[in-house]
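Notes follow the structure.
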Amino acid sequence: MAGKRKRKGGNEPVKKDVTPEPNDNAVGWRNFFNANYKALRAAEKGLTEKEATDKLKVQYKGFTDEEKSEWRSYDPNPNPAKKAITLTSNPVILPNYYSDSEGRKSSDHFVSSINELKEYISNELKSQLRSFSLKFMDKGEGVGGIDRELEEDAAAETGKKAECSQAVEESPLKSPVRSKTNVVGLSDENVVDSVSTPSLSVTKSVEDEGAAHKTFDDEDFDILEVASFWNKGKAPVKSKKSQSENVPLIEDDFNDKAYEQFIESGRTVVGPFKTKEAIPRNQYGFYKFIFSNTLDPGYVLAKFRKFEVDRRCMASLRPLREVEGSIIDCFSILMNKYERDSRLPDQPRVWYMPTRISQKTLGSFNVKRIAKDREWSKLFYEDNFEKCVKMFVPVLTLEGAPHWFGAEVNMKSKVVSFMDSLHTAMNEKYRVEATKEMLSTLDLLFEENRSKNVTFVDFRIDRKDRGLPQQDNDRDCGVYVMKYMDAVANEEEVVDEFHPVEARLEIAARIITDEQNEIRRVISVLCSLDLGA
């Protein structure tokens, strides 16, 4: 892989600079800074004063004139008789819900903070449902309904209140919609299935869902510690099969008895996960929040622009489950961010592609349309092919048993090689057919790109075995694909053996704690307060 990694130097302590940018309104910048600075420093403890200020400046510069105007009129202590201003559907940072500005914990502050959190989640949910429902109603891509309040808001925005009301009234479905997934988790955007809206009541979350078991008797939970824990090196071990997923789950496998087993095992048994390395005690509640089968399965745990992962999808990372494609998509997003951060702007890099680079998995959808709707160019690749040295494409073969494998597309040598955790002569023809389909889809995706001077279907397919770690069951292929991505990103010529069950926990933690996750702060707050969702 070409290019050298950037060296990151230390930052000298600099006095806090709250001077507004020349083109920004001083009042708006001051209100924005005062509302977010302390929370940002508390959430990201490694930031210096200057780094925190610069980060807020960048965020403020990206606001629209309307949002800046709202910050100019922002009142930190609004009159209760007036409706509070909705500053933005995705604020830069959430306040510190665990204690007040002076670090004191009080019931009044707790209640006030919870109400603010509920309002934020409610507004965000309404915004997402409105956008989703209008898209399907306007384009005729499906059927669905929105509730009365959202119907009125949507009608006011489009100026077609009467028409919108009639369309919703005549719709055969009255509940929000969510995409179905097939056996391996590829979303079918043209098929919808009604689901219930997650409850926003904190009381219901605690009583009905069950609050997370208090395990933080030695130190408070910190979501950043979860991310840093998995950055350490791992000793390779031979994977072992665990219990079959076909056995019905009768009780919560993160209950009090499970916590006792976690302690007695030396912190190596975390619910259904058996790890080699001990998990920190204060992270047990974090994994319970993600994987408990008694909490709302539709609760969204990670959001990267148009890509979301809810608890039902995250459950595919439980031991011996088939990993869903949306998990692999999110991991590709993480790898692309790593590539951008670790290389100079003019250096070529690896593009980690999404899972839908195949017309067979796209069904009746056009790949260019999907790429535009899902904003692939902002997450997975760029317009200039000169900046691409390789592509890593997760490929799904549907012939025979469904199976994920990685295809490494070398742009210089014009050769495609397999990174396959079940490399056998019997399955080779299926891999080749799926790879040819993938290359054809790449040509279609990039056919209008003027910098593209290659034809992917002409690439040679290298079928030789690369001696990679192999899975010992028929369910871990998705996990191996993501570990192969990790090895490519770190420029490892040899992929070490790893513990598949432990890797599943690692992948979940890295996705949720990644700074690109737009709702990471909410998850951190809920875990800190021991609240179920």
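Predicted model, so just to flag it, every value in this text is computed and none were measured. The figures here come from the full heavy-atom set of this structure, side chains too, leaving out hydrogens, waters and symmetry mates.
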Cation-pi geometry met for R311 and F289 (6.0 Å, 45°): yes
Within a strict 4.5 Å, meaning less than it, do heavy atoms of the [X] and [Y] side chains meet?
X	Y	value
R466	V495	no
W376	F307	yes
I512	F286	yes
H403	Q471	yes
F304	V309	no
Y299	I523	yes
V488	M419	yes
V389	V350	yes

So does [Y] get a backbone contact from the side chain of [X], meaning a donor-acceptor N/O pair under 3.5 Å?
X	Y	value
D462	K464	yes
T455	V457	no
E518	R305	yes
S316	C313	yes
R520	T513	yes
Q283	P280	no
N427	Y430	no
S332	M353	yes
N336	Y352	yes

For the atom pair [atom1] ([X]) and [atom2] ([Y]), what is the distance rounded to the nearest 0.5 Å?
X	Y	atom1	atom2	value
R318	L505	CZ	CG	10.5 Å
I327	L317	CD1	CG	4.5 Å
E497	L468	CD	CG	10.0 Å
L439	S358	CG	OG	10.5 Å
Q516	I511	CD	CD1	11.5 Å
T355	L362	OG1	CG	9.0 Å

Worked check of side chain to side chain contact (heavy atoms under 4.5 Å, CB included) between T397 and R431: CA-CA 7 Å; T397 173; R431 311 295 190 258; 3.5 Å; yes
Worked check of ring-ring contact (aromatic ring centres under 6.0 Å, His included) between F385 and W351: CA-CA 10 Å; F385 268 78; W351 293 355; 5.5 Å; yes
More than 12 heavy atoms from other groups under 6.0 Å of [atom1] on [X]:
X	atom1	result
D65	CG	no
E386	CD	no
K368	NZ	yes

Sole candidate of F273, Y284, Y287 that passes ring pair (Phe, Tyr, Trp, His ring centres under 6.0 Å) when paired with F254: Y284
Chi angles and distances behind the salt bridge (Lys or Arg N to Asp or Glu O under 4.0 Å) call for D476, R504: CA-CA 9 Å; D476 281 340; R504 289 171 177 264; 2.7 Å; yes
With under 30° as parallel and over 60° as perpendicular, where do the rings of [X] and [Y] fit, or are they tilted in between?
X	Y	result
F456	F446	tilted
F418	H423	tilted
F63	Y60	perpendicular
Y484	Y480	perpendicular

Side chain to side chain contact (heavy atoms under 4.5 Å, CB included) between F459 and T435, worked out: CA-CA 10 Å; F459 279 33; T435 300; over 6 Å; no
Side-chain donor-acceptor contact under 3.5 Å, N517 with D514: no
Worked verdict on M485 versus I328 for side chain to side chain contact (heavy atoms under 4.5 Å, CB included): CA-CA 10 Å; M485 285 189 198; I328 301 176; 3.8 Å; yes
Evaluation steps, salt bridge (Lys or Arg N to Asp or Glu O under 4.0 Å), between K390 and E491: CA-CA 12 Å; K390 288 181 183 178; E491 301 181 341; over 6 Å; no
Residues R349 and E382 bridged, charged N to O under 4.0 Å: yes
Check ion pair K483-E502 (N to O, under 4.0 angstrom): no
